[in-house]
Amino acid sequence: MGSGSSKKMKQIEKEEKERADIKKKKNGDDGSDEEEEVIDEKTGKKKKKKKEKTYLIKTLTGHQKGINCMGVSDDKKYVITGSEDHTARVWSVEQVKLHHTLKGHKAYVTCCQILEGSAYTGSADKTVRKWSVKSGECQVVIEGHGAPINRLICTGDFLFTSSYDRTAMCWDPDDGELLHIFRGHRRGVTPMMYIPAEDALNDDVVDIESNKDILITGAADGLAKSWSMDSGDCLATFKGHKGAVLCLNSDPAGSVLYTGSTDYTIKSWNIHTGEIYKTFEGHQGSVLCIQVFSKLMYSGSSDQFAKCWVTEFGDCTRTYIGHKHTVSAIKFYDGLFYTGSGDNQARVFDAKSGTLKRTFKGHEFAINAIAIIDKRLYTASHDGEVRIWDCSDLKIENLGVGDDDDDEEKEKKRLEKEKKKQEKKEKKAKEKEEKKKAKEEKKKQQQQQKQLVTNNNEKNEEGKTKSTEEEENIEDNKEEKESLQEKNNFEKNEKGDDESSMASEKKDSVKADNEDDDDVLDELDDFSDEELDKEVENIDKNMQD
């Protein structure tokens, strides 16, 4: 009885514990209060340790090899990833699952982007492909580069690509028509940046007509160059780095260019003249990524650190410490600074104080790209996975009295910027629609002209054929007539020959008869009168018999 009661109590305790665990999960507690057994390195004995909270929401799997790049759509409904397995994948943010697998490339995918319902991917197979996000079908294959594609940028009106073939190219994203080839770099071109006309134009521009839109490129030759979209000519060359230019960015006004290099420095330039402003020194490794926000600039380097700089003075104000490998991806968002590293981890810092707020562990290989969507951190890794992490409870630190006012001002500016961006997007969509209609109308006119030419050619061919047939008929009639005439002439000649032959024969016969008569007369002349009378009598007698 006691034994059965004990078993029953244990069963009740077990059920209560399970109910408590379910309740914890419902309340949002993912088990951070749970303990796990670990072995103490010093004593070698087992001891209980509090489990670390992972903050992992979901892991998206599917790629067979490492992920090289990641992009987010403007409406933040989709995420796209490009992989070493030659495919790109589109993921639904709302449903948190795979939407489409984009298959077609013959080599690894190096870059990707989603814009206005279309996905764009660049690959080491030297091609760029345009895909429908809705159906996942490939719509356009763009060929022209002589080496792997490094980067791509689609603005809606233009598609830009950079390559190891030392060129950048501009294409029509609708049909893949080549519009410009930007030649001038001596080595492979990697980073690019596009500055629209409204950001690029100011009073310092010498030739306004040729500077409506500007493309900036950086290359392994240590140079950055700006290019005119009207002519395709180089407008300015930014010369000063002693190593390859790996990353580019600009201030919000589009007047100052920032370049990061393998020479461990960042430089700022006059974007229109190429004049150098400042050199930012402090990193002990190649500068791999930079982001400019307001008057501050953030950078990530192979020296395992990320830094914050004041763009006006070139001073480093913060160094974000914690990673044990290259800081390959950075993102400033809403007062927080996110980093992804070759140490397989992502971290988030308070941007102002530099305090580490959270570490995200779980990937097995380096993190190559990060993105922020609705207070969720997306990390894409060389382990082939995309992981989604919860950042909803992270808050920034208030360091002073005026911080709230600054935040309000920043929020106001952010909303204004988003409003302008939306207006610009609508304007672009309208212009694109008009351009599409004009293009369709032009195509229709070309088809009509082509049809008209075809009809005229057919009519000419028909007329030519008819004329040829008539000529052939005339020729046939002529030949028939000539043949008939020849026949008549032949028959006439034959008849004449027969009559002539007959007359000749008759003449010959008469001549022969005459000759016979002459012979007879000659013979008679040889007879005497008595012999002649005797011969006549013989003849008469013979006739009587």
Side-chain angles (χ1 to χ4, degrees), residues 30 54-105 107-124 128-140 149 151-154 156 159 173 328-331 333-334 338-341 344-346 348 360-392 425:
D30 65 350
T54 63
Y55 303 99
L56 180 65
I57 296 172
K58 191 167 183 176
T59 301
L60 303 176
T61 59
H63 281 298
Q64 302 303 311
K65 292 184 179 180
I67 297 173
N68 296 323
C69 52
M70 179 168 63
V72 182
S73 62
D74 285 347
D75 56 10
K76 297 187 177 180
K77 289 183 178 179
Y78 298 101
V79 170
I80 184 172
T81 52
S83 169
E84 293 280 334
D85 64 8
H86 303 185
T87 71
R89 290 174 185 260
V90 178
W91 312 86
S92 171
V93 172
E94 187 179 346
Q95 297 176 357
V96 199
K97 68 176 186 179
L98 180 66
H99 182 63
H100 282 303
T101 300
L102 311 179
K103 295 181 180 179
H105 283 296
Y108 58 89
V109 179
T110 57
C111 47
C112 56
Q113 183 182 344
I114 292 183
L115 182 69
E116 298 173 358
S118 296
Y120 301 87
T121 56
S123 168
V128 175
R129 287 176 178 259
K130 179 183 178 181
W131 314 79
S132 167
V133 173
K134 188 176 180 180
S135 66
E137 294 179 356
C138 180
Q139 297 175 323
V140 182
I149 309 296
R151 299 284 187 276
L152 66 82
I153 301 172
C154 187
L159 173 65
S328 52
I330 60 172
K331 188 74 67 176
Y333 180 78
D334 200 20
Y338 299 82
T339 58
S341 171
N344 313 342
Q345 298 178 3
V348 57
F360 303 98
K361 300 177 182 178
H363 282 295
E364 295 179 3
F365 289 100
I367 294 172
N368 294 326
I370 63 175
I372 315 294
I373 305 174
D374 299 329
K375 294 188 177 181
R376 291 181 175 185
L377 172 66
Y378 287 69
T379 56
S381 167
H382 208 70
D383 61 12
E385 295 180 347
V386 176
R387 290 183 176 242
I388 307 171
W389 312 87
D390 183 21
C391 302
S392 58
K425 188 178 177 182

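The figures that follow rest on heavy atoms only: side chains count, while hydrogens, waters and symmetry mates do not. For clarity, every value in this text was computed on a predicted model and none was experimentally measured.
Not a single donor-acceptor pair under 3.5 Å links the side chain of Ser83 to the backbone N or O of Gln64. Remark: side-chain polar atoms of His100 are paired, donor with acceptor, to backbone N or O of Lys134 under 3.5 angstrom. Of the possible polar contacts, one joining the Asn344 side chain to the Ala366 backbone as a donor-acceptor pair under 3.5 Å is found.
Within the structure, salt bridge (charged side-chain N to carboxylate O under 4.0 Å, His left out) contacts touching residues 55-73 (residues at least two apart or in different chains) do not occur. Applying the salt bridge (charged side-chain N to carboxylate O under 4.0 Å, His left out) test to every pair with at least one member in residues 368-386, sequence neighbours left out, gives these pairs: Glu385-Arg387. The side chain to side chain donor-acceptor pair (under 3.5 Å) pairs that include a residue from residues 111-120 are Glu116-Lys432, where partners are two or more places apart or lie in different chains.
Rounded to the nearest 0.5 Å, atoms NZ (Lys361) and CD (Gln345) are 5.0 Å apart. Here the CG-SG distance, from Asp334 to Cys391, works out to 11.0 Å after rounding to the nearest 0.5 Å. Between the CD1 atom of Ile373 and the OH atom of Tyr378 there is a distance of 4.5 Å, given to the nearest 0.5 Å. Interatomic distance, Ser132 OG to Gln139 CD, rounded to the nearest 0.5 Å: 5.0 Å.
Contact record, Ala107 with Ser123: O-OG, 3.1 Å, taken as the closest heavy-atom pair. Shown here for Arg129 and Cys138, the closest heavy-atom pair between the two residues is NH1-SG, 3.4 Å. Nearest heavy-atom pair across Cys69 and Cys112 is SG-SG, 3.4 Å. The minimum heavy-atom distance linking Arg89 with Gly62 is given by the pair NH2-O, 3.0 Å. Ile67 and Asn368 get closest at one heavy-atom pair: O-ND2, 2.8 Å. Taking every heavy atom of both residues into account, Thr87 and Lys103 meet most closely at CG2-CG, 4.0 Å.
For the pair Ile370/Leu377, a side-chain contact is recorded, criterion being any heavy-atom separation below 4.5 Å from C-beta on. Counting heavy atoms from C-beta outward, Val79 and Val386 have side chains that stay 4.5 Å or more apart. When side chains are defined from C-beta on, Trp389 counts as touching Leu56, because their heavy atoms get closer than 4.5 Å. For the pair Thr110/Asn68, no side-chain contact is recorded, criterion being any heavy-atom separation below 4.5 Å from C-beta on. For the pair Asp74 and Leu115, the minimum side-chain heavy-atom distance is below 4.5 Å.
Taking Thr339 as the reference, His323 meet the side chain to side chain donor-acceptor pair (under 3.5 Å) condition, with sequence neighbours excluded. Residues meeting the ring pair (Phe, Tyr, Trp, His ring centres under 6.0 Å) test with Tyr78, sequence neighbours left out: His99.
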Item to check | Stepwise side-chain contact (heavy atoms from CB on, under 4.5 Å) check, Leu98 with Leu60 | outcome: CA-CA 8 Å; Leu98 180 66; Leu60 303 176; over 6 Å; no

Item to check | From CA spacing to verdict: side-chain contact (heavy atoms from CB on, under 4.5 Å), Leu102, Ile80 | outcome: CA-CA 10 Å; Leu102 311 179; Ile80 184 172; 4.2 Å; yes

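Ring geometry for Phe360 versus Tyr55: interplanar angle over 60°, hence perpendicular rather than tilted (30 to 60°).
Atom NZ of Lys130 sits in a crowded spot, with more than 12 heavy atoms from other residues, nucleotides or ligands closer than 6.0 Å.
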Side-chain donor-acceptor distances from residues 90-97 under 3.5 Å, at least two apart:
from  : atom 1 : to    : atom 2 : distance (Å)
Trp91 : NE1    : Thr81 : OG1    : 3.0
Ser92 : OG     : Gln95 : N      : 3.2

